[in-house]
Amino acid sequence: MNVAGLARPDIVAMTPYCSARSEASADGILLNANESPWPLIEDPQARSDEVDSLNRYPEPQHAELRRRLADLYGLPINHVLLSRGSDDGIDLLVRVFCRAGVDTVLDTPPGFGMYRVAAQLQGAGITDVPRNAETLDLDRNGILQALQGQTPPRIVFLTSPANPTGDLVDPDFLTELLKTASGRALVVVDEAYAEFTAARSFAAMVPDYSHLVVLRTLSKAFASAGLRCGAVLAQPDVIGLLMRAIPPYPLATPVLSLALRLFDSDVRKRQRLLVRRIMRNKSALTKRLNGRPFVRRVWAGEANFILLRVDDAGALVQHCAGLGITIRGFPSAVMLDNCVRISVGSSEEMARLDAALEAFQPGNSTATAGNRNG
Ligand code: PMP
């Protein structure tokens, strides 16, 4: 079965919407998209190219940004779909490949919560292959077995580095998984935190596997969560299927122009510097956490956060909150009892956190933490 055979037959059969801007060039006199002929803002202070062109729809898949991201991830431009962050990519994949009430996605809890939320929204099922309750390692055999069953999941979601455990997908395991999944399922590797590890990105494998998808984002190591800009990396067949479901103009003009600015050489230089700074702060934080008496276990991982198990996570979350520091608890997530996730911040923020942890007296507080997972 080729990869289109894994997609929803009704999506494959449908006539895709064709927007005015994708149908014709944006040059000359434009009377084809029911736009205003004038921009609204005339204030000379506020004017810029992007403000001047706000009366026009943006390019649906901005060629220049697509090329920049393709170069960044080492792939041809037709292997890149611009999305509104990776959350958007996850949603598109589930909507295009999973039939409501029929297909499932494979999830490996505890992990990033959006894969199952996207499945639930689509009416798809969830095939859970839980991690090891003690070590939180992936159950690789369980994943392979689920794929070999009578009704394999349509999408396998893996995260490398994973959230919140920080572990990487082993390349040999991924190769084996891709072999097993061939003709049965799409394998999606969410690399939202890839820039924080020295490990090679799986993007390089995308040209070799028609059923491999890699998700990247500008939200984390590119310090641009507010932009809502990411990329789905896959072979053109998959990209073409996702294009059927993506809204006609997903990225707004100001977002596109700000995203392009991230590729200026001075911004790229600062971007690399900030990642190095985070990693320095992370190793200092890891050392200090390992020495704290109330810390039971540390998963330092490969991303810009650390997961720990402590004696009383609720009390720690509440203690930090009282000092104006928000860390993440997981009171209702499977296997993450008494775990907290701490994102690595600036040196000043880490010094404040350190003082808060120093002052923490376990057993003095009753508390409940937030109820989210992602
Ligand atoms: N994947 C993972 C593993 C994440 O942790 C997150 C955000 N927490 C996302 C995807 C979503 O990122 P984006 O901002 O690109 O939508």
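For ligands, and for the atoms within them, numbers begin at 1 and follow the listed sequence. Scope of the values below: all heavy atoms of this structure, side chains included, with no hydrogens, waters or symmetry mates. Residues take their numbers from the sequence shown, with the count starting at 1.
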Q) Among the heavy atoms of K220, does any lie under 4.0 Å from an atom of ligand 1? A) yes
**Q.** Closest to atom 2 (C) of ligand 1 among D190, N163, T217 (heavy-atom distance)
**A.** D190
Q: Identify, by atom number and element, the atoms of ligand 1 in contact range of S86, meaning under 4.0 Å from any of its heavy atoms.
A: 10 (C), 12 (O), 13 (P), 15 (O), 16 (O)
(Q) Taking the basic N atoms (NZ, or NE/NH1/NH2) and the acidic carboxylate oxygens, is any pair closer than 4.0 Å for R21 and E35? (A) yes
Q.
I'd like to check which ligand 1 atoms, numbered from 1 as shown, lie under 4.0 Å from a non-hydrogen atom of T159.
A. 3 (C)
Q. If you count the atoms of ligand 1 from 1 in the order shown, which ones are under 4.0 Å from a heavy atom of R228?
A. 13 (P), 14 (O), 16 (O)
Q) According to the interplanar angle, ranging from 0 to 90°, do the rings of F294 and F360 count as parallel (below 30°), tilted (30 to 60°) or perpendicular (above 60°)? A) perpendicular
Q. Considering residues at least two apart in sequence or located in another chain, which fulfil the salt bridge (Lys or Arg N to Asp or Glu O under 4.0 Å) criterion with R99?
A. D103
Q.
For E64, give me all partners under side chain to side chain contact (heavy atoms under 4.5 Å, CB included), at least two apart in sequence or on another chain.
A. H62, R67, R68, L260
(Q) Pairing donors with acceptors under 3.5 angstrom, does anything connect the side chains of S257 and E50? (A) yes
Q | Backbone or side-chain N or O of Y193 under 3.5 Å from ligand 1 N or O | A | yes
